[in-house]
Amino acid sequence: MSKMGIRIMALGLALSVAAVAGFAAEKDIKDIRVGVSVGHTQEERWQREINLFRQFADEHGFELMVQSAENNSDNQVKQCENLFNQGIDVLVI
């Protein structure tokens with residue numbers, strides 16, 4: 001992935017977290033839970049992106065929950081539902 005692609009992805013995550021923080025002003029960023037759902041982790045690209053998400057979450061102090069459906073769309077839907085049931089504030093697909 002190019003440096004521009006990485007910057008765009010990081011910006012997207014930052015904007016998502018900022019939007020949630022803005023809508024839920026009473027929440028501290030450390031109380032925000034972000035769910036990430038990926039189709040699979042077989043390609044290096046997805047592994048890199050998950051690592052970038054984790055690094056960003058660590059730097060900003062919010063909880064990150066990652067799910068991989070391993071190319072099964074039914075599993076991905078169930079995993080997203082499970083993330084919502086766990087109380088995520090943001091879902092990145």
Side-chain angles (χ1 to χ4, degrees):
M1 174 179 280
S2 69
K3 288 184 180 183
M4 180 60 82
I6 291 170
R7 288 181 183 144
I8 290 171
M9 186 183 66
L11 177 62
L13 182 59
L15 290 174
S16 297
V17 171
V20 170
F23 289 122
E26 69 279 356
K27 275 195 167 186
D28 185 278
I29 194 166
K30 294 186 185 317
D31 296 328
I32 294 174
R33 302 175 87 190
V34 176
V36 176
S37 175
V38 296
H40 62 83
T41 56
Q42 296 163 356
E43 294 177 22
E44 182 183 345
R45 170 196 175 203
W46 294 112
Q47 294 169 13
R48 263 194 328 259
E49 289 183 13
I50 290 169
N51 288 336
L52 287 170
F53 281 131
R54 286 188 173 130
Q55 180 182 359
F56 190 87
D58 289 345
E59 289 171 2
H60 292 84
F62 60 87
E63 183 178 355
L64 183 72
M65 303 164 72
V66 178
Q67 298 282 312
S68 174
E70 301 308 330
N71 287 324
N72 185 316
S73 59
D74 291 333
N75 280 348
Q76 190 165 20
V77 170
K78 290 175 188 173
Q79 289 173 346
C80 290
E81 290 171 349
N82 184 40
L83 288 167
F84 281 118
N85 289 335
Q86 292 181 54
I88 61 168
D89 300 294
V90 176
L91 178 61
V92 178
I93 298 177

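Not measured: the values here are computed from a predicted model. Values below: all heavy atoms of this structure, side chains included; hydrogens, waters and symmetry mates excluded.
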Do I88 and F56 belong together in a cluster built from hydrophobic side chains that touch within less than 4.5 Å?
no
Let me check something: do W46 and L91 share a hydrophobic cluster, defined by ILVMFWY side-chain heavy atoms less than 4.5 Å apart, either directly or through other members?
no
Rounded to the nearest 0.5 Å, how far does CG of D58 lie from CZ of F53?
13.5 Å
For the hydrophobic clusters of this structure (ILVMFWY residues joined by side-chain heavy atoms under 4.5 Å, transitively), does one cluster hold both V36 and F62?
yes
Nearest 0.5 Å, what's the NE2-CD distance between H40 and Q76?
10.0 Å
Just wondering, are more than 12 heavy atoms of other shown residues or ligands nearer than 6.0 Å to CD in E44?
no
Between the side chain of N51 and the main-chain N/O of Q47, is any donor-acceptor distance below 3.5 Å?
yes
Nearest-0.5 Å distance, NZ of residue K78 to OG of residue S73:
10.0 Å
Quick one: closest heavy-atom pair of V34 and V92, and the distance?
CG1-CG2, 4.2 Å
Which pairs would a plain distance check flag for residues 63-70, meaning a side-chain donor or acceptor within less than 3.5 Å of a matching protein atom at least two apart in sequence or in another chain?
from, atom 1, to, atom 2, distance (Å)
E63, OE1, R33, NE, 2.9
E63, OE2, R33, NH2, 3.3
S68, OG, E70, OE2, 2.6
E70, OE2, T41, OG1, 3.1

Can you confirm whether Q42 sits close enough to N71 that some side-chain heavy atom of one is under 4.5 Å from a side-chain heavy atom of the other?
yes
Could you give the distance from CG (L83) to OG (S37), rounded to the nearest 0.5 Å?
7.0 Å
Which heavy atom in I93 sits nearest to a heavy atom in C80, and how many Å separate them?
CD1-SG, 4.4 Å
